[in-house]
2 protein chains.
Amino acid sequence: MDTESRTEALAQRLADSGLRSTPQREVVYDVLLKKRDHPTADEVFARVKPELPTISLATVYNCLETLVACDLVRAVNIERGPTRYCPNLQPHAHFHDVKTGRTHDIDLPPEVLERVQAVLPAGYTPASVEITFRGSACAPLDATGQATKS
Amino acid sequence: MDTESRTEALAQRLADSGLRSTPQREVVYDVLLKKRDHPTADEVFARVKPELPTISLATVYNCLETLVACDLVRAVNIERGPTRYCPNLQPHAHFHDVKTGRTHDIDLPPEVLERVQAVLPAGYTPASVEITFRGSACAPLDATGQATKS
DNA sequence: ATTTGTAATTAGAATAGTTCTAATTCTTAC
DNA sequence: GTAAGAATTAGAACTATTCTAATTACAAAT
């Protein structure tokens with residue numbers, strides 16, 4: 001999706017919640033989509049600044065909160081420390097590499113998600129599930145440069 | 001397990017890591033086992049204080065960190081906010097009730113754990129997995145007062 | 001076009017949770 | 001009993017986030 005249609009989609013989602021599209025919200029969302037490495041609010045701030053030099057950190061927090069409320073972004077708390085933000089809305093797990101500190105998205109097939117949900121006793125109705133692995137990744141890559149599935 | 005044998009088991013585990021058993025470590029571990037409600041460091045501090053009135057918050061943090069390092073306790077970060085501590089070492093998921101703010105342990109059958117691990121591409125070797133549900137629980141109870149399995 | 005009300009942004013102060021520091025106390029081995 | 005290292009302590013420092021109050025931007029009604 002190009003930047004313009006992204007921006008329109010964002011405007012639509014915001015409007016659905018009775019909120020306005022603003023340059024700040026657009027740029028914050030854009031930097032999240034551009035580099036999907038689960039940045040912290042501070043990191044987002046640093047990436048947005050060149051584009052909007054007068055933006056404040058408080059606004060970055062506000063924008064991120066807004067995007068999370070509109071279900072355009074997920075807030076991820078993998079470990080004690082700053083919250084990280086993830087614009088991947090597909091069902092996925094996170095692999096947190098303790099060596100590099102990086103977090104990778106791991107695609108989550110629907111049947112696994114279902115199987116996991118099924119462990120809940122009656123009456124527990126989950127709004128969301130978060131699956132996080134912790135360890136070290138030394139994934140071999142296939143011809144396309146993608147991590148191969150075991 | 002009674003308190004004495006618990007204390008011995010703790011002493012053993014600490015010794016295995018070249019660490020000493022101390023009254024502070026014992027009492028911190030005891031309060032975690034006594035009320036398994038995923039308390040924060042502050043809450044642990046409050047519960048330990050009557051027993052050891054001179055203990056400091058820093059020591060509570062130190063003890064918790066030590067217990068986590070010895071694999072006797074899990075540190076849980078469900079959402080932004082204070083880290084919570086969980087002495088349940090069985091494989092289990094967490095259900096975070098957004099209404100009450102409480103977190104329940106959900107037993108995790110081995111085959112589900114395996115199925116979840118299997119989503120990882122080759123080369124990703126997880127040291128641990130954390131599965132967290134978020135939602136609201138209004139679990140019906142069976143005759144024994146336990147939540148019934150769906 | 002102007003006004004008016006509301007939404008959003010801003011800078012900086014305040015807060016919460018945790019970690020660090022340096023001094024003291026407790027243990028253990030000699 | 002002494003020396004060396006481990007653990008504890010109080011408080012300062014630090015980090016991430018939220019709050020506050022003032023300002024700016026915007027949209028609707030006039």
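Proteins get letters first, then strands, A, B, ... in listed order; numbering begins at 1 in each. Not measured: the values here are computed from a predicted model. All values below come from the heavy atoms of this structure, side chains included, with hydrogens, waters and symmetry mates left out.
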To the nearest Å, how far apart are A/N62 CG and D/dT17 C1'? 11 Å
Can you tell me the distance, in whole Å, between the CZ atom of A/R25 and the P atom of C/dA7? 11 Å
Between protein and nucleic acid, restricted to nucleotides 23-26 of chain C and to nitrogen or oxygen atoms under 3.5 Å apart, what atom pairs and distances do you find?
none

Please determine whether a side-chain nitrogen or oxygen atom of B/T40 lies at a distance below 4.0 Å from atom OP1 or OP2 of C/dG17. no
Quick one: is A/Q24 getting a side-chain N or O under 4.0 Å of the C/dT10 phosphate, OP1 or OP2? yes
Using only side-chain N and O atoms of A/T59, determine if any of them is under 4.0 Å from OP1 or OP2 of C/dT10. yes
When you measure from the side-chain N and O atoms of A/T83 to the phosphate of D/dA16, is any distance below 4.0 Å, counting only OP1 and OP2? no
In whole Å, I'd like the distance from the CG atom of A/N77 to the P atom of C/dG17. 14 Å
Would you say B/Y61 reaches C/dT19's phosphate, i.e. side-chain N/O to OP1/OP2 under 4.0 Å? no
Of B/V60 and A/P23, whose nearest nucleotide on DNA chain D comes first from the 5' end? B/V60
B/P82 side chain: which of D/dA10, C/dT10, C/dT18 is closest? C/dT18
Looking at A/R102 and A/D37, is there a salt bridge between them, counting it only when a charged N and a carboxylate O are closer than 4.0 Å? no
From CD of A/E26 over to P of C/dA8, roughly how many Å is that when rounded to an integer? 13 Å
Say whether B/H96 and B/H94, considering side chains only, have a donor N or O and an acceptor N or O under 3.5 Å apart. no
Quick one: does A/P87's side chain get under 4.5 Å of A/L72's, heavy atoms only? no
Here the distance between atom P of C/dT18 and atom CZ of B/F45, to the nearest Å, is 13 Å
Quick check: closest heavy atoms across B/D97 and B/A137, and the distance to 0.1 Å? OD2-N, 3.3 Å
Reckon A/T22 has a side-chain N or O less than 4.0 Å from the OP1 or OP2 of C/dA7? no
DNA chain C: 5'-proximal contact among B/R84 and A/I55 (nearest heavy atom): A/I55
Any side-chain donor-acceptor pair under 3.5 Å between A/T83 and A/N77? yes
Considering only D/dA10, D/dT17, C/dT10, which nucleotide approaches the side chain of B/R80 most closely? D/dT17
Show me the donor-acceptor pairs, under 3.5 Å and distance only, between side chains in residues 21-28 of chain B and residues at least two apart or in other chains.
from, atom 1, to, atom 2, distance (Å)
B/S21, OG, B/E26, OE2, 2.9
B/T22, OG1, B/R25, N, 3.1
B/R25, NH1, B/R20, O, 2.7

Rounded to the nearest angstrom, tell me the gap between atom CG in B/L19 and atom P in D/dG5. 16 Å
B/L10 atom CG is separated from D/dA7 atom P, nearest whole Å, by 12 Å
d(CD, B/E65; C1', D/dA7) in whole Å: 13 Å
Check the orientation of A/H104 and B/Y124. Use parallel for under 30°, tilted for 30 to 60°, and perpendicular for over 60°. perpendicular
Treat each ILVMFWY residue as a node, draw an edge where side-chain heavy atoms are under 4.5 Å apart, and state whether B/V76 and B/V60 are in one component. no
Closest to the B/T54 side chain, choosing from D/dT9, D/dA7, C/dA8: D/dT9
